[in-house]
Number of protein chains: 2
Amino acid sequence: MTGGTGTRGATSHDAAAGDQDRQPDQAPRRGRPKTSFLSPGLILDTAMAVIESDGPDALTFRRLGADLGANHTAVLRHFGGKDELLLALAARLMEEALDDFAAAADWRETLRSLARRTRAACLAHPGVTVVVASRTSRRAAEFQGADIVIGALLEAGFEGREAASYYRTLVDTALALSIFEASVTMLDEQAREGDHLAWQREFLTASPQKYPHLAQVAQHLADIDAEDQFENAIGLFIDAVELRAERARVRDRYRP
Amino acid sequence: MTGGTGTRGATSHDAAAGDQDRQPDQAPRRGRPKTSFLSPGLILDTAMAVIESDGPDALTFRRLGADLGANHTAVLRHFGGKDELLLALAARLMEEALDDFAAAADWRETLRSLARRTRAACLAHPGVTVVVASRTSRRAAEFQGADIVIGALLEAGFEGREAASYYRTLVDTALALSIFEASVTMLDEQAREGDHLAWQREFLTASPQKYPHLAQVAQHLADIDAEDQFENAIGLFIDAVELRAERARVRDRYRP
DNA sequence: ACCTGAACACCGTTCAAGT
DNA sequence: ACCTGAACACCGTTCAAGT
C-alpha cells in the first residue's frame, strides 16, 4: 500500500539496522550515524515518486516518512514546512527543464528549444506540475537560461527594452501553456472514470442553429493533437517576433 | 475572525430565529422553512468571498458553514464534495469572464476582447483562480464564446481546420497566461512578507561576466508592466494570425 | 427534503525527549 | 545535529437522527 519507492526499509527498525551495512569509509563514530541519512535531494526524489505514482493528494509527511523509512516529522528537519517543500519541488522541475540548455545555431531554434524543454519537463511530471503550479514563478528560469534566450533575441536584432519584453513573453507563455496542459492531462485522467468527458460529444452535437460557426468546425476540434497545438502556439510567437525583428533592423538602418 | 460575509446570522441559533422575519408571501407551513435557505448560488458567492478575503486555504466546509449560519456539513447537501464545489467555482469564474461577450466590428478586436475578459475575470479573483486552476479546462469556454471566436476566425479568412486550431490556441493561451499571472500575484503577495522578493535585486546585480546578455537588459526587466506584457502577448498572437490569414486568402484566390 | 451533531480517519506542525 | 513519539488543532466525509 505504501508503494515501496524508498531506498531504505519501510520501518524505523529497518532504518536503525541499516547502520550496520553502512559504508566503512563513512566511519560512523559508534554505531549511531553521525551524518543524517535523510537529505533534501533524497526527500525530493521520494516526493516526486509519490506524486507521480499515486497523485498529488498522496504527498503527505506521513506517506513521505513511510517511504523514507523515517518518522513522519523527520522531513521537517530539512524543510521548514510543506510550503517550503513545494517551492523546492518547483525549483527542481525547472532545473530539470533547463539542464544543459544551450544556444542553438539559429536564434529561432534557441527560443523553440526553451519552450519545448519547459513543456517536456512539465509533461514528464504532470502531477508534480499541478501541485507546484501556484508556486512556480519565472524566478525559476534561472540566470543561465535567461542569458541564453536574451542573447538570442539580441541576435535577432532587438534593442534592450524589446529584448527584455519578448524574453518575458516567451518564458511566461511557454511556462503557462505547459502547466495548463499538464493540469488538463490530470483532469481528463480523473474525469475518464466519471462521465465528465461527455462534453466532447456535446461539442459534436451542438445545435447548428444556435452555434453555426462552431458546428462548422466541430469535427476538426475533436482531433486536435496537443503537441501540434503547442508547436502551433510557439510557431505563431516566433513568426510574430521575426516580423518585428525585421522592422527593428530596418528602423535601425535609418537611425544608426 | 470569521469575517461575517454571510447574509444570515453567524450561528445556527440565529438561523433558526431568522424564520420569524421571513417574507410572508413565502408562506412557511408552520414555523419551519419548507424550502431550504441554502442554495448553490449562495454557497458559491460565500465561498468566493471567503477566498478573496482570507486566501485559498481559508476555504473549508467549517468556515463556509459559519459564514452561512449553518452546520459545517450542510454544504454537502448541495455539492457532492469539495472537488465538486471547486469545479463549480471554476465554471462560475468563466461564466463571469464571458458574461455578455459579443462579436466586435473587427475580428481582431473580437479575439482581443475574449483574451482581455479572461484576464480580467482571473485578476478580479486571483485567490479563486489559484484554487480552481487545476480544475479549469477549456470546457469552461462555453459554446456561446466558442461560436463567436470561431466566427471571427472564419471572417478573417481561415478554413475549418485552421479556424479550429487557432481558436484553441487563443483560448488556451489567454486562459493559461491569466491563471499564471494570478498565481504570480498571489505568490508575490505572500513573498512580500518574507524576503523572497530579493531575487529581483539579484537579477540587477547578476555578474556581467557570466551573464553578459542578461546584464545588458536587466534594467528593463525590472520595470515591465504586467498588463503591457499581456497585451504584448495577445498582440503577437493576432499579428501572426493576421499574417497567416493573408496567406490563406491569397491561396484561396488561386484555388477557389 | 433538508439540516444537525457526533464520530472517524486523516492532516501539518510543535515540542520535549532521546542518541 | 538529527531523529522519535506523543500531542494539538484542524480537515473532509459518513451516518443516524431530527424536523
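Numbered from 1 within each chain, the chains take letters A, B, ... in sequence-line order.
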Residue pair A/Phe143, B/Phe203: steps toward the ring-ring contact (aromatic ring centres under 6.0 Å, His included) verdict:
CA-CA 8 Å; A/Phe143 293 173; B/Phe203 243 108; 5.1 Å; yes

Charged N to carboxylate O below 4.0 Å: is that the case for A/Asp83 and A/Arg135?
yes

If you take all heavy atoms of B/Glu52 and B/Gly127, which pair is closest and at what distance?
OE2-N, 3.3 Å

Round to the nearest Å and state the distance from A/Asp57 atom CG to C/dG12 atom C1'.
15 Å

Picking from D/dC3, D/dG5, C/dC3, which would you name as closest to the side chain of A/Thr73?
D/dG5

Taking Watson-Crick and G-U wobble contacts under 3.5 angstrom, with | marking pairs to another strand and [ ] crossing pairs, the secondary structure of DNA chain C is written ||.|||||...|||||.||

Separation of D/dA9 P from A/Phe61 CZ (nearest whole Å):
20 Å

Rounding to a whole Å, what distance do you find between B/His78:NE2 and C/dC2:C1'?
7 Å

Going by an N to O cut-off under 4.0 Å, is there a salt bridge joining A/Arg92 and A/Asp45?
yes

Pair A/Asp147 + B/Lys210: basic N to acidic O under 4.0 Å:
no

Rounded off to whole Å, could you give me the CG-to-P distance for the B/Leu64 and D/dG12 pair?
9 Å

How close do B/Ala58 and B/Val50 get, heavy atom to heavy atom, and via which atoms?
O-CG1, 3.6 Å

What is the distance from CG of A/Leu86 to C1' of C/dG12, rounded to the nearest Å?
12 Å

Here's a test of your reading of the structure: between A/Leu76 and A/Ala58, which maps to the more 5' nucleotide of DNA chain C?
A/Ala58

salt_bridge(A/Asp99, A/Arg117) N-O dist < 4.0 Å:
no

Which nucleotide wins on minimum distance to the side chain of A/Arg62, given the candidates C/dT13, D/dT13, C/dC3?
C/dT13

Heavy atoms under 4.0 Å, any strand shown: does A/His72 hit a base, just sugar-phosphate, or nothing?
base

Checking D/dG12, C/dC3, D/dC2 against the side chain of A/Arg77 (C-beta onward), the nearest is D/dC2

What is the distance from NZ of A/Lys82 to P of D/dC11, rounded to the nearest Å?
15 Å

A/Asn71 CG to C/dC15 C1', straight-line distance once rounded to whole Å
13 Å

In whole angstroms, the gap separating P of D/dC2 from CG of A/Leu68 amounts to 16 Å

